[in-house]
Amino acid sequence: MSDGEVAIIGMGCTRFTDHFNKSYGDLVVEAAFEAMDDAGVGLDDLQAAWLGTCYAYDYNIEGNAGSSLAEPLNLFPIPVSRVANYCATGIDAIRNAAFAVASGQYDLVLVVGVEKMRDVPPRGSLVAVHAERTHPVLAKGRTAPGMFGLMAQRYAHVYGDVKQYMAMVAVKNHYNGSLNPKAHFQKALTMEEVLAAPLAADPIGILDCTPTSDGAAAVILTRKSLAGKFTRDYVLIKGIGLAVTSGYFTAQFDQNWDFLGFSSTREAARQAYRQAGISDPGREIDVAEVHDCFTITEILNYEDLGFCKRGGGAAFVAGGHSGLEGKLPVNTSGGLQACGHPIGASGVRMVVDVGSQLLGRAGKRQVKGNPATGLAHALGGPGSVSAVAVLGLPVKGGRK
Amino acid sequence: MAGIRDISVYLPLYRVERRSIAGAWGKELAGVRPVANFDEDAITMASAALSRLDFKGRSINMLYFASPQMPYRGMLNAGILAQVLGLPPDAVVEDGSACGRGATLALRDAARALKSGETAGALVVTAEVPRARPGSEEEQDAADAAAAVDLDRGPGMAELIGTASCRSDLLEKWLPAGREFSSGSDARFAARYGFEQPCVEAVQAVLRQAGISPEDVQWAAVAAPNLRQYRAVLKKLALRPQVSLEQVYTGVGSCGAAMPLLLLYQALRQAAPGDVILVGGFSGGVDALLFRVTGDVLGFQAGKSFLEQETKMLIDYVELLKRKRIIPMEELAPEASPVLSWREREEILHLSGQRCTVCSAIQFPRRRICWKCRAKDSFVDFPLERTGRVYTFTADYLYPNPFGATIMAVIDVTGGGRLYTQMADCSRDDVHIGVPVELCLRRLHQGGEFNNYFWKARPLSEPGGEKE
């Protein structure tokens, strides 16, 4: 898609936490209406919708198809599609909606990312999905932290001990989360607490892991030429890249993989940067939300996204460059570490958080210096798919 | 003619101190016994024994598998091993007798087929993974072991020169269908009429058959219920005492069907060309086989024997009861499909991938489109080697596992290919990047109500590994 063609005119997000008393539909309504109110539109104005939910039937009966979005909002009879692409689901849902808007087929569309994981115990959700379903013998024994434990071990083998740098990511993101009323965890952590936590998958400890959460986030899209009709405050999608680089069950059988980063991130970023006209991301990106399902992942993301050179990720966080006051603040929302990771919702939440930074709405977490270009990055499967979105401000107009 | 080309023994890595078992019951005992890991069963142990034979390039079309602890009834267990070995569908593949004479009866049957010309090469493999009643005497002496023999029509290193059998027709030890633990009759009654009497008959018969007198038998690899009865029957038969073979009784223990082969292995390790070896197996009678050793035996006698192999970690009695699943535990039963397992049997049981004929890239698992050059359906089979090195790994504490952390590793397979799988027989401290491993068949789980076997990576103590 060419730059600046699609605008985000409304954004909404629920708190991410264990919403035992809220249904899948409740989360949809809350996020969608916050976004619609932000855009000043109503249900009657929506012409099509996209739903991002990663797993249906594994821990919740909703999310398998467009009906799971249409029913709670009574969108009947407009077209609603469900998108699923592991943890890249949310950004991919936005991507598909953006194509529809850019093509001229629709003028005003809704995207909702939502995942309701806590109707079952945490072990009953993602761990059960991996342990009890999936291929009966290939990669059996794999868990989400396990996949990244492999990366951390190899990274440490090549570049030196990484656990303390992982802890710095946890401390940074939990501090940011303590300033975010929508985060699952809103309590700062110390290095000592993170390093002393029991192990999940060596060397990843349980405080290096994102929690299991419920939540939803939503955006309203239109074309740039129509955006001004609705609001003065909007951001533009400058580029979205998506790359699939391996199978899901066989990713770790890839003989070409050095386990020091993800080619899917690099390829998705390459696509997005080309569309957005970015050649030096370390300098041109002002703020970013990246996929920190585990703290080691954030370190690898800095390198794969080109914020620093290969092998420079540990030094990047150690030098404070990704902190709130740093030269490229990363995960000012608290990231997946503090916000949690309702899978389908996360990519949309990232876009909402980046958009909020560009529009000056981030409150205590606001990055100074008028950030104008932001990035959202999601990494799915064991790295088999990645999506990167670059957001920018319109040249005229802009922020409240 | 029929003879032994090669023989192997597989003992599990772990040992339990008998003191730990006996202490739970207020007794005192010394010594250690081998205990299979929680992911081993008769089939995986048989696979391990077979992997320690070297019959590459030979055409084997007969396989006998005998174990009193066959995982399945009503189905051919040996078929799983045939798939592991890659035997053709028309090979003679048979489950032998599920009792202590399983190996010796199988040797007799294989020899008969070789002599008649029905086959040119045969394998006999046996495994014992007994589950004894807690507190019983059987429990104190039970040992987990497996052994395999490679036979062909030449004399090999030991030519078969006689066989004889004598039944006992009494109940000495038996496991009724539906019962969990074996029953036994009076020890003295069983010893005299169940073992000693038929043993004397069978051994005297085979010696007569071969025209050999007792003093000309150098090695008596005779399985007996215990060491005392072993010594007693040798004396009764005027066979020479076997001090070195007694080490199998004291160092390993009672391993039923595998016992005759462990004793035979130890005898061959020390035998001189021209020596005569008597082999005996018992259960409901005795089989006696006589072998004459040839000059080829000298090539068999290098390296370490199973009595000298490295053993790891002494486990305690509770751990033993968990591994034998005598203490019930909740275990995962992941989704599984017999259809999928059959369709992917080449990868799953034979560890076979492919090589692209256009660009030579190795593919594992198998696929239709080459991952490197996108050629379609242009592959030849490429079985992965069974050794490799750890490229990276992690110890996972979240994966449900009643036996502790699950260690997952990415293995660079020798000769090409990559495998991502669980590690076996090790703890976190045994693993680091670069550790050499052997790939061994293990039972991953029992999802779908059947045994899902796959390959795990087991650390080797040195590159290339130790072969028993």
Side-chain angles (χ1 to χ4, degrees), chain A residues 58 121-158 197-206 208-209 212 245-247 249-260 294 296 382, chain B residues 332-338 340-341 344 347-349 353 361-367 371-372 390-401 405-413 416-423 428 431-434 442-448 450 452-456:
Chain A
D58 279 302
R123 215 210 88 171
S125 56
L126 262 199
V127 176
V129 165
H130 282 118
E132 288 167 7
R133 288 162 215 121
T134 71
H135 195 284
V137 296
L138 291 182
K140 185 58 72 180
R142 185 177 76 179
T143 62
M147 296 180 218
F148 292 91
L150 299 175
M151 315 285 297
Q153 288 287 346
R154 190 71 197 175
Y155 194 93
H157 178 76
V158 172
L199 289 175
D202 192 1
I204 295 172
I206 62 174
D208 291 297
C209 301
T212 312
T245 54
S246 77
F249 303 106
T250 58
Q252 285 82 14
F253 292 75
D254 180 352
Q255 296 152 63
N256 262 4
W257 191 9
D258 61 11
F259 286 78
L260 298 172
F294 303 97
I296 179 66
Chain B
L332 280 180
E335 282 177 358
S337 154
L340 181 149
S341 294
E344 298 185 24
E347 283 108 316
I348 293 174
L349 289 180
I362 292 161
Q363 332 264 322
F364 187 90
R366 296 147 82 88
R367 34 175 64 87
W371 67 261
K372 196 164 182 192
V390 170
Y391 180 80
T392 188
F393 71 100
T394 189
D396 196 312
Y397 298 85
L398 274 197
Y399 189 79
N401 183 348
T406 303
I407 303 181
M408 297 294 291
V410 176
I411 307 294
D412 280 338
V413 181
R418 219 170 221 187
L419 196 62
Y420 171 55
T421 189
Q422 295 183 22
M423 293 199 69
R428 164 68 182 89
V431 187
H432 56 266
I433 289 175
R442 292 293 168 102
R443 187 185 63 208
L444 245 62
H445 58 81
Q446 295 179 296
F450 65 94
N452 282 256
Y453 296 107
F454 193 60
W455 300 84
K456 294 192 183 182

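Just so it is clear: chains get the letters A, B, ... in the order the sequence lines come, proteins before strands, and each one is counted from 1.
Scored by the side chain to side chain donor-acceptor pair (under 3.5 Å) test, A:Lys140 finds A:Thr134 as partners (sequence neighbours excluded). Listed by chain and residue number, B:Asn451 satisfy the side chain to side chain donor-acceptor pair (under 3.5 Å) test with B:Gln446 (two or more places apart in sequence, or in another chain).
Pairing each heavy atom of A:Pro136 with each of B:Leu444, the nearest pair is O-CD2, 4.4 Å. The heavy-atom pair separating A:Arg142 from B:Met408 by the smallest distance is N-CE, 3.8 Å. Shown here for B:Pro365 and A:Leu138, the closest heavy-atom pair between the two residues is CG-CD1, 3.6 Å. Across all non-hydrogen atoms, the minimal contact from B:Ile433 to A:Arg154 is CG2-NH1, 3.3 Å. Nearest heavy atom pair, residue A:Ala131 against residue B:Tyr399, reads CB-CE1, 3.5 Å.
Only the side chain of B:Trp371 comes within contact range of chain A, with heavy atoms under 4.5 Å apart. Of the two parts of B:Glu347, neither the backbone nor the side chain holds a non-hydrogen atom closer than 4.5 Å to a non-hydrogen atom of chain A. At a 4.5 Å heavy-atom cutoff, the contact between A:Thr250 and chain B is made by side-chain atoms alone. Using a 4.5 Å cut-off between heavy atoms, B:His445 touches chain A through its side chain atoms alone. Residue contact with chain A, scored on non-hydrogen atoms closer than 4.5 Å, involves the side chain of B:Arg367 exclusively.
Annotation: maximal heavy-atom pairing with chain A below 4.5 Å, among B:Lys372, B:Gln422, B:Arg428, occurs at B:Arg428. With respect to chain A, the highest number of heavy-atom pairs below 4.5 Å among B:Thr421, B:Thr406, B:Leu419 belongs to B:Leu419. Between chain B and the options A:Ala200, A:Ala251, A:Gly149, heavy-atom pairs under 4.5 Å are most frequent for A:Ala200. The candidate with the highest count of non-hydrogen atom pairs below 4.5 Å against chain A, out of B:Gly417, B:Gly448, B:Ala333, is B:Gly417.
Under the side chain to side chain contact (heavy atoms under 4.5 Å, CB included) rule, A:Asp202 has a single partner from B:Ile407, B:Thr394, B:Val431, which is B:Thr394.
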Can A:Val137 and B:Tyr453 be said to form a side chain to side chain contact (heavy atoms under 4.5 Å, CB included), step by step?
-> CA-CA 8 Å; A:Val137 296; B:Tyr453 296 107; over 6 Å; no
Do A:His135 and B:Leu340 pass the side chain to side chain contact (heavy atoms under 4.5 Å, CB included) test, and can you show the C-alpha distance, the side-chain angles, and the key distance before you say yes or no?
-> CA-CA 9 Å; A:His135 195 284; B:Leu340 181 149; 3.8 Å; yes
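Side-chain contact between A:Trp257 and B:Val410 is absent, with no heavy atoms from C-beta onward closer than 4.5 Å. Between B:Leu332 and A:Glu132, some side-chain heavy-atom pair lies under the 4.5 Å cut-off.
To the nearest 0.5 Å, atoms OG1 (A:Thr143) and CG (B:Leu398) are separated by 5.5 Å.
Remark: the backbone N or O of A:Asp258 is paired with a side-chain donor or acceptor of B:Tyr391 at under 3.5 angstrom.
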